[in-house]
Structures are given as C-alpha cells and as structure tokens.
There are 2 protein chains.
Amino acid sequence: MTAVRVLLADDEHLIRGALAALLALEDDLVVVAEAASGAEALAMARAHRPDVAVLDLQMPGGPDGVKVATSLRDELPSCRTMIVTSHGRPGHLKRALSAGVRGFVPKTVSAQRLAEIIRAVHAGNRYVDPELAADAISAGDSPLTAREAEVLEFAADGAPIAEIAERASLSQGTVRNYLSAAAAKLGAENRHTAVRLARERGWV
Amino acid sequence: MTAVRVLLADDEHLIRGALAALLALEDDLVVVAEAASGAEALAMARAHRPDVAVLDLQMPGGPDGVKVATSLRDELPSCRTMIVTSHGRPGHLKRALSAGVRGFVPKTVSAQRLAEIIRAVHAGNRYVDPELAADAISAGDSPLTAREAEVLEFAADGAPIAEIAERASLSQGTVRNYLSAAAAKLGAENRHTAVRLARERGWV
DNA sequence: CGCCCCCGATGACAAATGTCATCGGCCCCC
DNA sequence: GGGGGCCGATGACATTTGTCATCGGGGGCG
C-alpha cells in the first residue's frame, strides 16, 4: 500500500511545520506540499496533485479554506479536502460541507486523531467533529433572506446607514428596513448586535 | 550545560503537541509541562518551575497569556515568560511588555526561530518580532482616558446606551459623552466603529 | 494658590436609527 | 389566474444616539 499524499495549508509557519513533522511520524502519510495562503495552496495542489488537502479555515489575504476547497473540487476531483480550524463557527461547517469538504475538525484534536481522520477522509469517509456538528445543528438554518444577509455584511464594520446604502446601491430606507427585519429575526435590539449574532452563528 | 526547561501553554492540542515534538528535536531544550488553559499553565508552572514559559496569547475561559505572565512574574520570578500569538495586535504587545514578558512572536515564525528565541529569552535577552514592534510604535499610545476605555469595552458587543450605563453604573448622558469623546479621538463616526478601531489598535 | 485635566452629571438640540404601514414589480408555485 | 414571498422604495413617526455647553468636585502640579 502506497502512502497518502497530503497537502498542508496554514498561514502559521509554526503550526504548519510542526504539523508536517508530526504527520511525518505516521509512515502511511507523506506531506508532499505546504502552503501559507489560499492562493499558494491552489498552486501547490495543481503542481503536486495530493490525495488529501488539509486546509486551515482562516488564512490572510486571498481565498480561505472553503474557497480553496471549492476550487479544488472542480480542478482536482480526485483530491479529498478537509478543514482544520481554531474557532468552530457553525455556519462555516455548513459552508464547508456544501463545498465538498469531507473532514472538519477543530485544532484542539491531537495529532494522532488528525492522522486517523486524514486516513478516513482518504478512504472516502467523512468526519465532522461531534461538538461542532452539534453546534451547527442547534444553530439551525439562517432565517435571513439573501439581501438581509448581504446588507448585514455591509453593516459589519459599524458603518452608518448612508454608507451601507451606497455600498449596497440601495435606498437608505430600504437598508433600514432590511436591517430592522434582520435584527428582529435574530432577536437583536440593533443592527450591531445583529451583526455579531449572525457572525457567531455563521450566517454571514 | 543543562537543558532549558520549557512550559508550553496553548489551547489547541494540535499545535501544542506539534510544538512540543519540534522543540524536543533541539537537544538543549526540554518541554517539562504542557497546559491547555491559563489556569492550567499557572498550576503547571508552580509544579514544574520551568525556566521559560511559552504562552499563547488567547486562551479560552480563564486568564490569557498576559495575565498568566503577570502572575508568574510575582510567583516565579526565575521563570522568563514569552508570548506566542496568531494575530498581533499592537496593544497586546504593550500589555505584554509591561507584564514583564521578554519575548513576543507571531505564530508565523518557524520552529527553529522559536527555539532560538527561547534560548535568547532564557539567556536574559528580549525579543520582539520586528513587524509587531513597528505596528505598535506606529499605533502609538492610547489617547483614551481610563473611563473612556472602560465604557468602550462595555460597548463592545453592540449593547444600547441604557445597558452600557447600567453595567458601568453611570448616567446615560455620561456614557454618551464618553463614547462621543472616544469616537472623536479615534476618528470614528459612531461608537461601534470606535470599538472596532480601538480593538485593532489594541487599546481596549 | 491657580491652573488644568479627569470624572460624573444635566439639559437641549440635531442627527441617525428603528419601526411600521404601504406601495408596485417580480417570480414561483399551487 | 391568484396567492405568497422577496425585492426595493417611500413616508411618517418614535426612539436612540451624537454633539455641545455647562456645572461641581477632586487631584496633581508649577
């Protein structure tokens, strides 16, 4: 049996290197490429055609782990993808699964566990951390309509209504209506807490 | 020469374990204890009396890396402390330095580099990542008064003025005045962006 | 001591925001 | 064809928030 070829993508050199070292201890796994960004991960994947891509969810600058997974599904269907993340937001899990990701684990797992999961994913199985799965289920589906979510995103940095309206190419009144509706659905008393709640639930 | 005894504290098992494995490769370093939380780190430090404590800045629940460093300075003056962090906010660096931390590095450094820095810190030197240092200098000192910063923290989750006033035991008018002053100093157009800016600069 | 700054508060006013009702257009689906 | 939902907008209104002037008290400092 030939070893599983793994691509590692994580912006934190410390973690990436350490991870590579630990996975190297497993003699049925071989890290064939490392990347420090989403863009780099894509390039590496094209060049090395790994069996499994282990992607950090949040990477600076370009595409995040889920975006990379989406691209990989199209470009390299033979490559299974999995996401590793520090903060497990429920919505991220959903996004990831619909991007064809087959493994989703928090960084709190041990290296042994990760190695097992890589093998499972490579074998075609799926693995989702039970706790994250429970969170995602309890968080449920987003009650927000497309525009509500969109406007909420524009509101994310605390911008005033006028600016949101401009960026969304909408009337200020319309923006206020959407924000009001979104806040009501989320049980928030103003748009700022609404943004926070939506972020926590992974709905933006 | 006897090996440097290191305490590792990081909530992410994956990183902690991997780090321990990498540092173990350096034959003048020995990881004598690992901790997954601030509280645990303190307990471990008391029990094992390490030469150097490598602390993650953000840990869930209890005390963060800086708080641990503060406690360690009092309880275990012989133990040098250093902070490792993912997101390098300028203010954190300042807080850390005034807590007696002697090393401050982002997780983007390599393990070799980290090992060198641990040795430097153990030898009594200080090390601060140049990029983070530059950010901290350019961010400058907080222009906020104590109460302004305090009120801004209460405003951090988007709560309405009434709630902030209650939590801060202040009049609503006073709260509005402080928030207005803080927003003006930060160049923000409302308290929510003020909160965001203050966070970015590490002033809250 | 006088000066300055911070604290905490009040009042008044303007501006931004939240809330609600209502409209027309569109699309999907029964 | 007729709901029903989402989209986008408007108007009116109440509430919240931001802004400013002002006051009194207290502590530090030349």
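Chain identifiers are assigned alphabetically (A, B, ...) following the order of the sequence lines, protein sequences preceding nucleic acid strands; residue numbering begins at 1 within each chain.
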(message) Less than 4.0 angstrom between a side-chain N/O of T174(A) and OP1 or OP2 of dA9(D), yes or no?
(response) yes

(message) Below the 4.0 Å mark, does dC6(C) have OP1 or OP2 next to a side-chain nitrogen or oxygen of T145(B)?
(response) no

Answer yes when [X] and [Y] have at least one side-chain N-carboxylate O distance shorter than 4.0 Å, and no when they do not.
X       : Y       : answer
E116(A) : R119(A) : no
K107(B) : D10(B)  : yes
E12(A)  : R16(A)  : no
R95(B)  : D64(B)  : yes

Write down the distance between [atom1] ([X]) and [atom2] ([N]), rounded to a whole number of angstrom.
X       : N       : atom1 : atom2 : value
L179(A) : dC7(D)  : CG    : C1'   : 15 Å
Q172(A) : dG11(D) : CD    : P     : 13 Å
E189(A) : dT16(D) : CD    : C1'   : 12 Å
L152(B) : dC7(C)  : CG    : C1'   : 17 Å
I161(B) : dG18(C) : CD1   : C1'   : 15 Å
N190(A) : dG18(D) : CG    : P     : 10 Å
Y178(A) : dG5(D)  : OH    : C1'   : 11 Å
R147(A) : dG5(D)  : CZ    : P     : 18 Å

(message) On DNA chain C, compare the nucleotides closest to R191(A) and E148(B); which residue's is nearer the 5' end?
(response) E148(B)

Counting the atoms with a prime plus P, OP1 and OP2 as sugar-phosphate, which does [X] contact under 4.0 Å by heavy atoms, base, sugar-phosphate, or nothing?
X       : result
A184(B) : nothing
A146(B) : sugar-phosphate
R176(A) : base

(message) Quick check on R199(A): does its CZ atom have over 12 non-hydrogen neighbours (other residues, nucleotides or ligands) under 6.0 Å away?
(response) no

(message) Could you work out how much the helix from dC1(C)-dG30(D) to dC30(C)-dG1(D) bends, comparing the axis of its first five pairs with that of its last five, to 10°?
(response) 30°

(request) Look only at the side chain of H122(B) and the backbone of I118(B), and say whether a donor-acceptor pair between them is shorter than 3.5 Å. (result) no

(message) Taking the minimum atom-to-atom distance to the side chain of S171(A), which one of dT17(C), dT10(D), dG8(C) wins?
(response) dT10(D)

(message) According to side chain to side chain donor-acceptor pair (under 3.5 Å), who are the partners of R49(B), at least two apart in sequence or on a separate chain?
(response) none

(message) Could you check whether the side chain of N177(B) and the base of dT10(C) have a donor-acceptor pair of N or O atoms closer than 3.5 Å, going by distance alone?
(response) yes

